[in-house]
Asks: 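I am attaching a structure below and will ask some questions about it afterwards.
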Amino acid sequence: MFDEIRGSFIILIDELVPLISQSKASIDEMKSLLQRFYPELSAELSDADSFEAIINIAIKKCRVNNISVIKTIVKRFKISRAKRLISEYEKEVKTVCRSLKDFLSQNQPECFNNSETIQLTLGWEPEEHSLNDIRNLLEEAFKELNRRITIQTIHRGNSIIIICYAPHHLLAALLLEAQDNLTVLIKEFSLIRLTIGHYTVYNKRNRYKVMNNECLAEEIKLADGEEQELRTSLDYKEVSISEQDKQVNTFRKRHEYTERTLPESKLKVKLLTRGKLINKIFTSKKLETQNFRSSLLMKAGRKEALVEYKKEIELLQENISMTSIQLLMIQKANIDKKDQCTQSLNTPTAESIYTARIDYHGIWSGHLSFSEGEQLKIFEKPDRFKWKGRSLVSGDEGDIPSSFVYSMLESLQLLEFLLSVEEVSLPILQKIRNDSSSNDEKASLFLETINDDPIMISALREDKEQHELEEVLSRRRVDWHNDRVYLHYSSPVQCREVISNLNINYKRIDLYSLSTNSTVSLLSSTKLQTLNLRKLEIHYTPLTNDCIQYLCILLTNNKTMQELVIRSHSISDRGVTNICQALKHKSTLTSLVLYHNPLITSTSGRALSHLLLNNSSLDQLDLRRTSLSTESILLIFQPLSNNRSITKLWLDERHKEACINTYPNYHLIQGRVCWVD
């Protein structure tokens, strides 16, 4: 591809030289134009004595996709016949660029598929820093591990945002290195935010108070060091003065001897000279010692002030935390009271006003469309995953997927629930629960967590409901069949019992409406990896990032599983991406069903396309009732022409017309695509 376009570039130049020679341009005029364009070429141009020689110098500043200097010559000397040649060449370049873009999108480097994202936000002025500064930053942050980090993109604005990739297995080591070097990153590199994977290592907005304490501790440490240095210097100076006193006594003795041996006139001159020198040295040493004493006193005062400041900040932090908790409790009480007073009037309350987390296009009949940040009034919750409400922007009413909306009050209630329950299995929630920081910092970290993992809030709603509703206890059961076990609302204890009783005769496991604790208890078991398992079905069980990691390990290590069904509000884009990576080279799985998961959006299109490109065992793929766009479906179609193993691809009818009219090779795959309304 590159050789062909380079050949076209050479042909273009060969065709342009005669046209330029035949134009009204003179050699001197063209030299003058290029010297103004590129002053650094003046020396070479001065020796050129033909149009061909001039053009050969000019093309040094060209690239196959940038011939601006040639276009400038054509425009300046009005060479109209050259415009057609240039236009045809640029069309060919655009075609090659599109092909290259498609090739790269389908052959993304392996490091991007099995890696963790590192995002750094820096308070830098973009024009004052270079790529070398960023490399120094990564070296300072991650030491030797920086060699394993790949910079993907650098975004410039009021600050600089750097997005990198690193191997997934280095996640723990990267976190430890970053935490050890955090103080240096904050002070020397103006770090604003650092995220590794889905862990926020540092956020200036939320950790400002902690940073102040660390900086004060560092200042006190520095002051202690400076004080010690000053005391050492003072001791040295005092010893020097003592030695000077001894020297003065020696001089005096010598003077007495000289007085007895030298004539009177010479003696006076010598005594005056030595006396002035001694006084000058003594005065200088004394003054220097006084300066050291003053500096030492200032440092001691500075240290005392820093200690006082630290005590004041700790006291203020404690007061702020207490005040914050009181305000939250007052706010909650006021909202509850307001809800009770206004419920009969059917007016919106704070409990029923939710905010859209992401865009939703109402892809099914009766569903409401809304945009990220839009406020929605929820007036009925017929089930956990589908609510009824009205947009406060458009006024339209309809069904709303509950996983797409949230409210601040509900988030605080979920945090309160998290802090009150006895058992928490998810590592990220354990970190929040066991964190020794203040409650407002825990709340901030909790909000970051549910924003980072779109399905987390659905999982916590499920946990809270199962914990609070007594009727759930009556639903909990485990059904054993000949070769199948069915877990329905099962508790963690029941899940552990199931694990202990499973044997190689059981080929299918069905999970229905499990809490996160139950899901982790089951999927984290290494016993499942050794069973003769053929099919795993998961229904109405939101799989958080941690649950997905356990599932991926199971998929990688179990060599018998043929069917995986994850349906009904159980998975989001990140889960799909991780599972596609785990299945990339798995040779046993023949069926993957992702039916009825609205949190599967266009973001998953590329991961699914890569899966079909690399996996040769998959026979059926069900993507119905997801939020995939038509563009994503077209991307998924691309590898089907070469992947003959896929016999059934189940898709929503709403994409059919656009896909048939847009995809040029649809006739080659139409027998394998099933459109369902």
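Atom set for the values below is all heavy atoms of this structure, side chains included, hydrogens, waters and symmetry mates excluded.
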Asks: Sort out for me which residue in Ile196, Leu170, Asn181 forms a side-chain contact (heavy atoms from CB on, under 4.5 Å) with Phe142.
Replies: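 Only match with Phe142 under side-chain contact (heavy atoms from CB on, under 4.5 Å): Ile196.
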Asks: Can Lys60 and Glu44 be counted as an ion pair, charged N to O under 4.0 angstrom?
Replies: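 Yes, this pair counts.
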Asks: Thinking salt bridges, do Glu410 and Lys464 make one under a 4.0 Å N-O criterion?
Replies: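 A salt bridge is absent here (no side-chain N lies under 4.0 Å from a carboxylate O).
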Asks: With rounding to the nearest 0.5 angstrom, report the CG to CD distance, Asn146 to Glu139.
Replies: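 Here the interatomic distance stands at 5.5 Å.
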Asks: When rounded to the nearest 0.5 angstrom, what is the spacing between NE2 in His569 and CD1 in Ile571?
Replies: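 These two atoms lie 13.5 Å from each other.
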Asks: Do Ile579 and Cys552 have side chains that approach each other closer than 4.5 Å (heavy atoms only, starting at C-beta)?
Replies: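 SC-SC contact between Ile579 and Cys552 confirmed.
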Asks: Look at Glu140 together with Arg135 and state whether they make a salt bridge at an N to O cut-off of under 4.0 Å.
Replies: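 A salt bridge is absent here (no side-chain N lies under 4.0 Å from a carboxylate O).
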Asks: Starting at CG of Asp453, measure out to CZ of Arg574 and round the result to the nearest 0.5 Å.
Replies: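 One finds 6.5 Å between CG of Asp453 and CZ of Arg574.
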Asks: Just by distance, no angles: are the side chains of Thr516 and Thr519 close enough, under 3.5 Å, to form a donor-acceptor pair?
Replies: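 Not at all, the side chains of Thr516 and Thr519 share no donor-acceptor pair under 3.5 Å.
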Asks: What I want to check is whether the side chains of Ser68 and Asn66 have a donor and an acceptor closer together than 3.5 Å.
Replies: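 Yes - a donor-acceptor pair under 3.5 Å links their side chains.
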Asks: Surrounding OH of Tyr406 (heavy atoms of other residues, nucleotides or ligands, distance under 6.0 Å), is the total greater than 12?
Replies: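 Count not over threshold, so no.
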Asks: Take atom NZ of Lys94 as the centre, draw a 6.0 Å sphere, and report whether it contains more than 12 heavy atoms from other residues, nucleotides or ligands.
Replies: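 No, NZ of Lys94 has 12 or fewer neighbouring heavy atoms, counting only those of other groups under 6.0 Å.
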Asks: Will you find, in the side chains of Thr626 and Asn597, an N or O donor that is under 3.5 Å from an N or O acceptor?
Replies: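 Not at all, the side chains of Thr626 and Asn597 share no donor-acceptor pair under 3.5 Å.
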Asks: According to the interplanar angle, ranging from 0 to 90°, do the rings of His129 and Trp124 count as parallel (below 30°), tilted (30 to 60°) or perpendicular (above 60°)?
Replies: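 Answer is parallel, since the angle falls under 30°.
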Asks: Report yes if some heavy atom in the side chain of Ser402 is under 4.5 Å from a heavy atom in the side chain of Arg461; otherwise report no.
Replies: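 Ser402 reaches Arg461 side chain to side chain.
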Asks: Hey, does Ile600 have a side-chain heavy atom less than 4.5 Å from the side chain of Ser627?
Replies: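 No, their side chains stay 4.5 Å or more apart.
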Asks: Within this structure, what is the OG1-OH distance for the pair Thr195 and Tyr202, rounded to the nearest 0.5 Å?
Replies: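 Interatomic distance, Thr195 OG1 to Tyr202 OH, rounded to 0.5 Å: 12.0 Å.
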Asks: Considering residues at least two apart in sequence or located in another chain, which fulfil the side-chain hydrogen bond (donor to acceptor under 3.5 Å, both in side chains) criterion with Asn451?
Replies: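 Once residues adjacent in sequence are excluded, Asn451 has no partner under the side-chain hydrogen bond (donor to acceptor under 3.5 Å, both in side chains) criterion.
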Asks: Side chains of Glu92 and Ser8: any donor to acceptor distance under 3.5 Å?
Replies: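 Yes, side-chain donor-acceptor contact under 3.5 Å.
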Asks: Atom CD of residue position Glu4 - does it have more than 12 heavy atoms of other residues, nucleotides or ligands inside 6.0 Å?
Replies: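 Counting other residues, nucleotides and ligands, CD of Glu4 stays at 12 neighbours or fewer.
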Asks: Could you point out which residue of Ile450, Leu460, Leu409 forms a side-chain contact (heavy atoms from CB on, under 4.5 Å) with Leu414?
Replies: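 Answer after filtering Ile450, Leu460, Leu409: Leu460.
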Asks: Do you see a donor-acceptor pair shorter than 3.5 Å between the side chains of Ser42 and Gln35?
Replies: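 Judged by distance alone, the side chains do not pair up.
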Asks: Less than 4.5 Å apart, side chain to side chain, heavy atoms only: is that true for Ile57 and Leu34?
Replies: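 Ile57 vs Leu34: side chains apart.
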Asks: State the CG-CD1 distance between Leu131 and Ile154, to the nearest 0.5 angstrom.
Replies: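 Rounded to the nearest 0.5 Å, the CG-CD1 separation comes to 5.5 Å.
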